[in-house]
Amino acid sequence: MNPFKSDFLRVLDERGFIHQVSDPEGLDAACVKGPVTAYVGYDATATSLHIGNLISATMLHWFQETGHRPIALMGGGTSMIGDPSFRDEQRGLLTPDAIATNIEGIKRIFGRILRFGDKPGDAVMVNNADWLMDLNYVGFLRDVGRHFSVNRMLAFDSVKLRLDREQSLSFLEFNYMILQAYDFVELNKRLGCTLQMGGSDQWGNIVSGIDLGHRMGSPQLYALTTPLLTTSSGAKMGKSANGAVWLNGDLFSPYEFWQYWRNTEDADIGRFLKIFTRLPLGEIARLAALGGSEVNEAKKILATEATAIVHGREAAEAAAETARKTFEDGGLATDLPSIALPRAELAARLGALTAFVKAGLVPSTGEARRQVKAGGLRINDVAVTDERASLSEADLTSEGVIKLSFGRKKHVLLRLE
RNA sequence: GGGGGAAUGUCCCGAGCGGCAAAGGGGGCGGACUGUAAAUCCGCUGGCUAUGCCUUCGCAGGUUCGAGUCCUGCUUCCCCCA
């Protein structure tokens, strides 16, 4: 199946996006023949997408780049249910309000990744609430539900985890797969969509859509999934100290985002450059081959390029510059993340432990206390040794800020307001 | 329908004679070493207005000076019989 003839599959393959494809030859031929329409669905589980979603969104980018039409599907309807795939327990139900706000947050990122419009080849954004919310229950069961075998659904790996574990799988969640399958068929009808892409955890849901298409008379549909990315040492991608690595700047600043990539493990550089940047493969091969401490140059390029896609070139350069001042000059970069501090609080002597909690560097004063013992907290680069230390105006640097550091890499400035 | 078992530190797994903030892992975080890497070693891994106070062992009651541990009911799950 290897040398693909279509630009799209070749690019995806070369860059390491492909985990599974249904009928690779058929899809390849279809992509050669003319523009294809494909979609990826995003449920409104948070106000922002995260790094994991970026992979599939990037596939949509290359899809468009190679002459096809991508659809970004907002899961306004499916989010009312919640995907149980590979989850070991039920999540709380999202309220309609939350879903609406989440979708607003999620939409923002696509403007940077896809080109939308009305011309052929322009990307389209749709919301499955448009066709799911008004379904008639009995009618839907008769038209669509009859095509699903419960026996078969129970055999899917995606629900096995839940079944094997002692957690119940509610009927509500059990329907998720059916609705997603229906989405695929509906998008085929409405927009001629014949390919659904997603993370490897979506394979079962996607294939169900293909089956449903067969039974309901759709043309041949295709599935393509990406591997679940892990770091070389086995950790799941996308986790940072504060939780997920979000794409929206209000949840995860461009500087933090840049830092996330800067700290990539050596062994992952090539793989990540191919997926998270748009650099040409030749350039990537050169960077990935760097040895010793030279790999740091490659990591900086990875960080800047990946950040530029998500936050814009300017923000990426600024983040790189802030990092350079902080880590390479050992100086004080005044555009490090900062929080405002009322002058009155400082005048009243602010407890050092409290200050670190306020800055969001540690979650509790208890944790701050422990870190003092471990030598992990510094004020203006001087280690805190006394739990009862406090801050005063005397601690302000000549730039008028106080720099709090947690560990070697996390820094926050307190800035008088 | 009947019988037997399980639920533990809100990341996961998992010990726990009635005195328990609760063994041990994994993961995570910090320190040392480095290159803002990996590997390795060391430490930490409920909260607070902190030599004390408060909240944790599926949920709700009860016995007891004292309950994760015993009793009752409930919820969810697993196994066997029908």
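Chain letters run A, B, ... following the sequence lines, proteins first, then strands; residues in each count from 1. All values reported here derive from a predicted model rather than from experimental measurement.
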Atom P, compared across B:G30 and B:A38: separation rounded to whole Å: 11 Å
Nucleotide nearest A:Arg408 when distance is taken to its side chain, options B:A32, B:A50, B:U36: B:A32
Partner nucleotide of B:C74 by Watson-Crick or wobble geometry (both distances under 3.5 Å): B:G58
Carboxylate-amine/guanidinium contact A:Arg215 A:Asp143, below 4.0 Å: no
Nucleotide opposite B:C17 in a Watson-Crick or G-U pair, distances under 3.5 Å: none
Shortest side-chain distance from A:Lys410, nucleotide among B:G35, B:A37, B:G30: B:G30
Glycosidic class, syn or anti, of B:C77 using a 90° window around 0: anti
A:Phe276 and A:Trp261 aromatic ring geometry - parallel, tilted or perpendicular at 30°/60° bounds: tilted
Nearest-angstrom distance, P atom, B:C78 to B:G73: 22 Å
Distance, P atom - from B:G3 to B:U69, rounded to whole angstrom: 24 Å
Whole-Å C1' distance, B:C80 and B:C13: 27 Å
pair A:Leu12-A:Met59: side-chain heavy atoms closer than 4.5 Å: yes
Whichever of A:Asn263 and A:Thr354 has its nearest RNA chain B nucleotide further upstream toward 5': A:Asn263
Proximal nucleotide (of B:A37, B:U36, B:G46) relative to the A:Arg262 side chain: B:U36
Atom pair CG/CG of A:Leu187 and A:Leu195 - distance to nearest 0.5 Å: 11.5 Å
G-U wobble or Watson-Crick pairing nucleotide for B:G27 (cut-off 3.5 Å, both distances): B:U45
First encountered from the 5' end of RNA chain B, between A:Gln259 and A:Glu367: A:Glu367
Nearest-angstrom distance from the residue atom CG of A:Leu377 to P of B:G43: 20 Å
Distance between C1' atoms of B:C77 and B:C59 (Å, rounded): 15 Å
C1' spacing across the pair B:G19 / B:C74, given as an integer number of angstrom: 29 Å
Integer angstrom distance from the C1' of B:U34 to that of B:A50: 39 Å
Sugar-phosphate, base or nothing in reach of A:Val362, heavy atoms under 4.0 Å: nothing
Spacing of the C1' atoms in B:G31 and B:U36 (rounded, Å): 16 Å
Which nucleotide in B:A50, B:G47, B:A38 has an atom nearest any side-chain atom of A:Arg369: B:A50
Watson-Crick or G-U wobble mate for B:U40, both contacts under 3.5 Å: B:A32
For atom NZ of A:Lys409 and atom C1' of B:G30, their distance in whole Å: 12 Å
A:Lys299, nearest nucleotide to its side chain (from B:C48, B:G30, B:A37): B:A37
Atom pair CG/CG of A:Asn128 and A:Asp183 - distance to nearest 0.5 Å: 4.0 Å
Atom pair CH2/CD1 of A:Trp62 and A:Ile275 - distance to nearest 0.5 Å: 12.0 Å
A:Arg370 side chain, from C-beta outward: closest of B:C44, B:A38, B:C29: B:C44
Phosphate OP1/OP2 of B:C48 contacted by A:Ser364 side-chain N/O (<4.0 Å): yes
Sugar-phosphate, base or nothing in reach of A:Thr264, heavy atoms under 4.0 Å: sugar-phosphate
Which nucleotide in B:C29, B:C48, B:G35 has an atom nearest any side-chain atom of A:Asn296: B:G35
Check: A:Arg349/A:Ser390 side-chain N/O donor and acceptor closer than 3.5 Å: yes
Phosphate OP1/OP2 of B:C42 contacted by A:Lys373 side-chain N/O (<4.0 Å): no
